[in-house]
S.K.: 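Dropping a structure here in structure tokens format, bear with me for questions.
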Amino acid sequence: MTEAVTHPPPATSWAAHIRATVALGLPLIGVQLAQMAIQVTDTLMIGRLGAEDLAAAVLATQLFFVAFIFTSGFAHALVPIAAAAASAEDPRGVRRAARMGAWAVTLVALSLAPVLWSAEAVLLAIDQQPNLAVMAQDYLRIAMWGLFAFGLVLVFRGFLSALEDAGVVFWATLAAVPLNALLNWLLIYGSLGAPEMGIRGAAVASVSSQALTLALLVLYCHRSKIIRAYALFQRIWRPDWPMLGQIFALGSGISATLLAEVGLFAATSVMIGWIGTVPLAAHGISLQVVSVIFMIPMGLSSAATVRAGRALGRRDAEGLYRAAITVNALALGVAVVAAVIFWAVPEPLIRLFLDAETEDAAAIVAYGVPLLAVAALFQLVDTLQVVMLGLLRGIRDIRVPLGVAVVSYWGIGVPVAYLLGFPLGMGGPGVWLGLLAGLLVAGAAFALRFHVMSRRVMV
């Protein structure tokens with residue numbers, strides 16, 4: 001007999017919505033920041049090897065990130081299904097969504113592994129420098145194994161978030177941060193007699209840290225009395241074709257939408273790679289700086305999906321409206337603070353990632369400062385679009401947002417980035433202004449779409 005599963009009552013007042021959003025959002029933000037800490041550690045340590053190693057790592061991690069983001073869409077797909085089932089007191093529905101989410105990410109990771117293995121050919125096909133392509137492939141032939149662990153970590157995160165029990169995901173991810181730093185130190189530089197592997201050592205460290213996070217989450221779900229009531233691991237090898245179909249239907253749209261945005265950022269990396277090694281290194285550091293702060297809106301976007309999914313499961317129109325207003329206000333407040341920081345102290349932020357004695361360090365800083373000035377602007381619109389997209393996922397509105405994303409990012413963002421960066425001669429800052437244009441259009445369109453659909457789904 002499955003144990004009875006109880007959940008906290010729904011928030012009703014504005015104060016209750018704020019408390020509920022913060023309670024769910026803080027551990028999810030913590031997860032994002034802890035994961036970003038791993039990426040920042042990699043960038044800091046690789047950056048001390050020199051501009052060439054850093055540029056190769058930028059290309060490799062961008063390609064890995066594209067594969068990861070596509071895989072992650074199928075983990076995100078389980079969240080609105082599981083959240084609605086949890087709100088409706090349906091443990092079986094929660095279990096089915098989580099199990100088939102695990103199936104889906106594993107199958108997708110298997111299909112993407114050959115692409116990462118052949119990264120050199122992919123990068124040469126998009127006109128990247130041959131020496132950087134070889135180094136990036138060496139990194140990815142190790143890092144690709146982390147795609148499986150990373151995808152499953154997202155499944156557990158989605159499952160636990162839907163149950164509003166995301167705190168353990170933060171602690172499990174945080175535990176991987178010191179392991180990653182230690183292995184980076186040992187394997188990148190060959191410290192304490194370890195093999196000196198360069199950027200390949202960073203790949204080994206990343207895979208190891210992802211495996212540790214996954215192991216800790218599996219252990220928690222196996223030992224927690226409350227989570228055991230969902231019997232998550234019972235007959236997990238058995239397919240549930242109807243639910244797997246739902247996960248793939250939602251996940252393919254979510255992945256394509258995420259890929260459209262990530263592809264926009266990857267396209268800017270490719271464009272700036274055409275300019276040279278120093279601009280590409282500055283671009284990579286600037287993206288890393290922006291990404292650290294952006295983890296807060298990302299965590300709130302995940303909370304928005306859960307809050308919207310639970311409101312949908314209760315058929316609570318007023319709760320959905322208040323959840324949307326609350327999460328947007330919190331996220332945009334953070335974005336304003338971030339914009340001020342990028343404008344006020346760009347040079348110290350960039351220098352954090354560089355050894356002052358490294359060749360080209362001054363040139364990298366000089367190129368990165370105007371990039372962060374543009375980032376201060378697009379941080380605001382990027383926050384709006386990611387939170388609105390999280391709300392739309394919560395009410396299972398996928399197809400139209402996908403079309404909006406493709407048009408906004410690729411029909412507007414990429415052409416504007418190329419036009420400003422090259423024919424108009426603005427270089428990297430022009431490319432980043434193209435990012436701003438695409439994100440602005442997407443954010444406005446997603447907000448309008450949610451305004452329409454939030455009323456329609458509650459009828």
Side-chain angles (χ1 to χ4, degrees), residues 30-49 53-54 56-72 75 102 105-106 108-110 112-117 119 135-158 160 168-223 284 288 291-292 295 353:
V31 169
Q32 297 288 352
L33 289 173
Q35 188 59 55
M36 181 53 59
I38 293 173
Q39 297 175 29
V40 169
T41 301
D42 290 351
T43 303
L44 285 169
M45 293 189 170
I46 293 171
R48 280 155 175 73
L49 295 175
D53 293 270
L54 181 57
V58 169
L59 290 176
T61 53
Q62 285 290 310
L63 191 55
F64 179 87
F65 192 57
V66 169
F68 163 69
I69 283 296
F70 185 77
T71 305
S72 72
V105 298
T106 302
V108 172
L110 280 170
L112 293 174
V115 178
L116 298 179
W117 185 265
M135 294 171 67
Q137 178 173 270
D138 289 343
Y139 177 95
L140 286 168
R141 285 189 170 180
I142 299 170
M144 57 176 273
W145 301 107
L147 188 61
F148 297 90
F150 225 155
L152 290 172
V153 165
L154 283 181
V155 168
F156 281 100
R157 188 180 87 176
L160 293 167
V168 67
V169 187
F170 166 65
W171 293 111
T173 308
L174 187 64
V177 175
L179 174 65
N180 180 73
L182 174 62
L183 291 178
N184 269 337
W185 180 66
L186 292 173
L187 299 176
I188 292 177
Y189 311 125
S191 304
L192 300 181
E196 184 177 347
M197 300 176 66
I199 66 171
R200 292 182 297 116
V204 173
S206 294
V207 173
S208 301
S209 62
Q210 291 151 15
L212 174 63
T213 301
L214 177 60
L216 292 173
L217 291 177
V218 170
L219 181 64
Y220 175 78
C221 289
H222 178 69
R223 296 180 65 88
Q288 197 82 82
S291 297
V292 170
M295 291 304 99
F353 295 84

S.K.: Got a sec, which residues hit side chain to side chain contact (heavy atoms under 4.5 Å, CB included) with A215, two or more places apart in sequence or on another chain?
M.R.: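 Expected list: none.
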
S.K.: So which atom in Q210 and which in G146 form the shortest heavy-atom distance, rounded to 0.1 Å?
M.R.: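 Where Q210 meets G146 most closely, the heavy atoms are OE1-CA, 2.9 Å.
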
S.K.: Pick one: which of T173, L154, T213 meets side chain to side chain contact (heavy atoms under 4.5 Å, CB included) with V31?
M.R.: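 Exactly one pass, corresponding to T173.
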
S.K.: Identify, with sequence neighbours excluded, every residue that meets ring pair (Phe, Tyr, Trp, His ring centres under 6.0 Å) alongside F156.
M.R.: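 Residues passing ring pair (Phe, Tyr, Trp, His ring centres under 6.0 Å) with F156: none at all.
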
S.K.: With sequence neighbours left out, what residues match V292 under side chain to side chain contact (heavy atoms under 4.5 Å, CB included)?
M.R.: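 With neighbours one apart ignored, the set is M36, V40.
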
S.K.: Search all heavy atoms of L59 against all heavy atoms of A136 and return the closest pair with its distance.
M.R.: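 That would be CB-CB, 4.5 Å.
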
S.K.: If you apply the rule side-chain contact (heavy atoms from CB on, under 4.5 Å), what do you find for L112 with F70, and how did you get there?
M.R.: CA-CA 9 Å; L112 293 174; F70 185 77; 4.0 Å; yes

S.K.: Is any side-chain heavy atom of F148 closer than 4.5 Å to a side-chain heavy atom of L214?
M.R.: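 No, their side chains stay 4.5 Å or more apart.
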
S.K.: Taking distance alone, no hydrogens or angles, what donor-acceptor pairs closer than 3.5 Å link side-chain atoms of residues 192-203 to residues at least two apart or in another chain?
M.R.:
none

S.K.: Measure the spacing between OG1 of T41 and CG of L179 and express it to the nearest 0.5 Å.
M.R.: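 Here the rounded value is 11.0 Å.
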
S.K.: Which atoms form the tightest heavy-atom contact between P178 and L174, and what is the distance?
M.R.: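 Answer, listing the atom of P178 first, then L174: CD-O, 3.2 Å.
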
S.K.: Restricting to side chain to side chain donor-acceptor pair (under 3.5 Å), what partner residues turn up for N180, sequence neighbours left out?
M.R.: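 Listed in chain order: D42.
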
S.K.: How close do A60 and Y139 get, heavy atom to heavy atom, and via which atoms?
M.R.: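 Heavy-atom minimum between the residues: CB-CD2, 3.6 Å.
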
S.K.: Where do L63 and L140 come nearest, in terms of heavy atoms and distance?
M.R.: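 Heavy-atom minimum between the residues: CD2-CD1, 3.7 Å.
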
S.K.: Just jot down the ring pair (Phe, Tyr, Trp, His ring centres under 6.0 Å) partners of F64, sequence neighbours excluded, or say none.
M.R.: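 Ring pair (Phe, Tyr, Trp, His ring centres under 6.0 Å) check on F64 returns nothing, list empty.
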
S.K.: Work out which heavy atom in L183 is nearest to a heavy atom in S208; give both atom names and the distance.
M.R.: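 Closest approach of L183 to S208, heavy atoms only: CD1-CB, 3.5 Å.
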
S.K.: Kindly write out the residues that satisfy side chain to side chain contact (heavy atoms under 4.5 Å, CB included) with A57, not counting sequence neighbours, or none if the list is empty.
M.R.: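 With neighbours one apart ignored, the set is I46.
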
S.K.: Under 4.5 Å between any side-chain heavy atoms of L160 and C221, yes or no?
M.R.: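 A side-chain contact under 4.5 Å exists here.
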
S.K.: Give a yes or no on this: more than 12 heavy atoms of other residues, nucleotides or ligands lie within 6.0 Å of atom OH of Y189.
M.R.: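 It does: Y189 OH has more than 12 such atoms within range.
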
S.K.: Could you give the distance from CG (L110) to CG (L147), rounded to the nearest 0.5 Å?
M.R.: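 It is 9.0 Å, given to the nearest 0.5 Å.
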
S.K.: If you measure from OG1 on T61 to CD on Q288, what distance do you get to the nearest 0.5 Å?
M.R.: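 Reported value, rounded in 0.5 Å steps: 7.5 Å.
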
S.K.: Tell me, please, which residues at least two apart from W185 pass side chain to side chain donor-acceptor pair (under 3.5 Å).
M.R.: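 Counting only residues at least two positions away or on another chain, W185 forms a side chain to side chain donor-acceptor pair (under 3.5 Å) with S191.
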
S.K.: How would you list, by chain and number, every residue that makes a side chain to side chain contact (heavy atoms under 4.5 Å, CB included) with A102, sequence neighbours excluded?
M.R.: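 Result, side chain to side chain contact (heavy atoms under 4.5 Å, CB included) vs A102: L152, V155.
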
